[in-house]
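What follows is a short report on a single structure.
So that the names make sense, note that chain A is the first sequence line, chain B the second, and so on, each numbered from 1.
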Number of protein chains: 2
Amino acid sequence: MKIDSTKKADLSAQIAQAIRDAIIDGRMIVDERLPSEAELAEQFAVSRPTVREALKRLAAQSLIRTARGAFGGAFVNRLSYEEAYGQQITTSTLLLSMNAVSFETACEARYALERACTALAAQRRTADHLATMRAEIHRQAQPGLSDESFCASDVAFHRALVDAAGNPVLSYQLAGAVEAMQPLMNMITFTARSREEIVGLHGRIADGVEAHDGATAESALHELEIYTQHLGRDVMAARARRAT
Amino acid sequence: MKIDSTKKADLSAQIAQAIRDAIIDGRMIVDERLPSEAELAEQFAVSRPTVREALKRLAAQSLIRTARGAFGGAFVNRLSYEEAYGQQITTSTLLLSMNAVSFETACEARYALERACTALAAQRRTADHLATMRAEIHRQAQPGLSDESFCASDVAFHRALVDAAGNPVLSYQLAGAVEAMQPLMNMITFTARSREEIVGLHGRIADGVEAHDGATAESALHELEIYTQHLGRDVMAARARRAT
DNA sequence: GACTTTTAAATGTCTGACAATTTGAGCGCA
DNA sequence: TGCGCTCAAATTGTCAGACATTTAAAAGTC
């Protein structure tokens, strides 16, 4: 791992990459302790602050964790699903907000991915998942709910649907797509009429999942996508009118 | 942004979080220049190395970029799809390798997500995408191809399929799932017989996409999933036998 | 033997300095 | 005027050394 050629990148970036490579291709295993900062500094022939910058880069990606005190130090971190969710959400949110991704594109991606889970969810759902979905539907039907709360409940509903597929890798992938959409969804003002429509479709999805009937759930989800796209277009049109 | 309470986290982590928050909720916009390290140090009442550690954390997430020299400094970075791909792949790869995700689970997730794109791909594919898919199929049929090269070509084929859907957000989400699977796929030794089978199914997928026939493509993809799962089970069984 | 104190190792932070790099302004020269 | 050269200023990158803080093991005490 001592490899550190005379390329034209920052030393701290090179060192971070060297350690990252060692972790990714298995030369360092989970919970293994890295040499102390002083030792790393000597190995790479750089100063301690430079090593520290490299370690902070890795810590930002949750590749390592550090502990103070005797027998502390930097350890290879087991990347948990929670940490992976978090990074996925941050990255997805920024990607959408910084690249002027249209509501249409983001919405299409989200529902396409979600449709991928629906059949599995109908097949494997537990009573718990179903109960969560029903509870969120009930919350969404409450009058006087703010738009933000309605959206948050929407996310929770879809999250439960995804989790019902019982595949943590799928849940991880979907978390980013669904949560990153929320800021875009929050731009929509939900009328009583549109809420009613959405709650109805949610109910049909839950019915399909409850009956282990993937086709019904998928078709309701597809209707929901069409309706959401419709709402999105209305918002964009209204915004365009206001701009003139 | 000067908020910096006396919580029990590292100063550099707190500062990184404060700046990250400012970027995420739009108080800092793309290409905006951050104050210099010296100014940030003064604002947050910490030393320059501490500020630098915070900035390196953000740089590791591609949230900022830095330039040396007069009128250099740290700038809010437009997160490109390429950078997002890269982070997604790194995270997904680590998640799979560190959490003992079974071949079955990863495979199911990958094909479920890919199935989400197939209908769109069949609808929107361009001649370019189709040509890429055909070229990879041709490469895969070459005798004497190493297992690694075969897998790489497999990834390229599926990547083209995903890109054919014409939705960059979908491509971004799928990149991680497909590429992270590669190390697991590389464990499989492909016999001439199994390659023939896979190439045949790839051909059927390409046929479906070419004919704008989503149903055909989806059904071929589904067969490919079943066959891949079958190969995976064989490898695991052989490995278990060897272990006894 | 159980509790307390010490000690050593490690990360976290600060200060101050110098090196490298980039841009713009000033200057000279034709 | 217009072109090119040099130089200064600003900023990040790196280094060295020091001190503070935290933690757990080792040593000491009752």
List every contact pair, protein side and nucleotides 14-17 of chain C side both N or O, where the distance is under 3.5 Å.
unit_1	atom_1	unit_2	atom_2	d
C:dC14	OP2	B:S47	N	2.9
C:dC14	OP2	B:S47	OG	2.9
C:dC14	OP2	B:T50	OG1	2.8

Boundaries of the chain B footprint along DNA chain D (any atom under 4.0 Å from a heavy atom):
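Here the contact window of chain B covers D:dA9 to D:dT14.
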Which residues satisfy the side chain to side chain contact (heavy atoms under 4.5 Å, CB included) test with A:P168, sequence neighbours excluded?
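If we apply the side chain to side chain contact (heavy atoms under 4.5 Å, CB included) test to A:P168, skipping adjacent residues, the hits are A:Y81, B:T105.
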So, [X] versus [Y]: side-chain donor-acceptor pair below 3.5 Å or not?
| X | Y | answer |
| --- | --- | --- |
| A:Q87 | A:T90 | no |
| B:Q17 | B:D21 | yes |
| A:S171 | A:D163 | yes |
| B:S80 | B:Y85 | no |
| A:T93 | A:E179 | no |
| B:Y172 | A:T91 | no |
| B:Q88 | B:E83 | no |
| A:T132 | A:H129 | no |

Of B:F71 and A:S12, whose closest DNA chain D nucleotide lies nearer the 5' terminus?
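It is B:F71, whose closest nucleotide lies nearer the 5' terminus.
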Applying ring-ring contact (aromatic ring centres under 6.0 Å, His included), name anything that partners A:F150, two or more places apart in sequence or on another chain.
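Partners of A:F150 under the ring-ring contact (aromatic ring centres under 6.0 Å, His included) test: A:F190.
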Charged N-O contact under 4.0 Å between A:D31 and A:R65
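Yes, A:D31 and A:R65 are salt-bridged.
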Taking A:G72's backbone N and O only, do any of them form a donor-acceptor pair with A:R33's side chain (distance below 3.5 Å, no angle check)?
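Yes, because the side chain of A:R33 sits within donor-acceptor range (under 3.5 Å) of the backbone of A:G72.
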Taking only heavy atoms on the protein side, list every residue of residues 56-69 of chain B lying under 4.0 Å from any atom of DNA chain C, sorted numerically.
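Close to the strand are B:R68, B:G69.
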Five-pair end axes of the helix from C:dG1-D:dC30 to C:dA30-D:dT1 and the angle they enclose, rounded to 10°:
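About 10°, once rounded to a multiple of 10°.
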Below 4.0 Å: OP1/OP2 of C:dT11 and any side-chain N or O of A:R52
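So the side chain of A:R52 is outside the cut-off, no N or O lying under 4.0 Å from OP1 or OP2 of C:dT11.
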Any cation-pi pair here, B:R110 with B:F103, using under 6.0 Å and within 45°?
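Output no; distance or angle outside limits.
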Without decimals, in angstroms, what is the distance between A:L55 CG and C:dA10 C1'?
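These atoms are roughly 12 Å apart.
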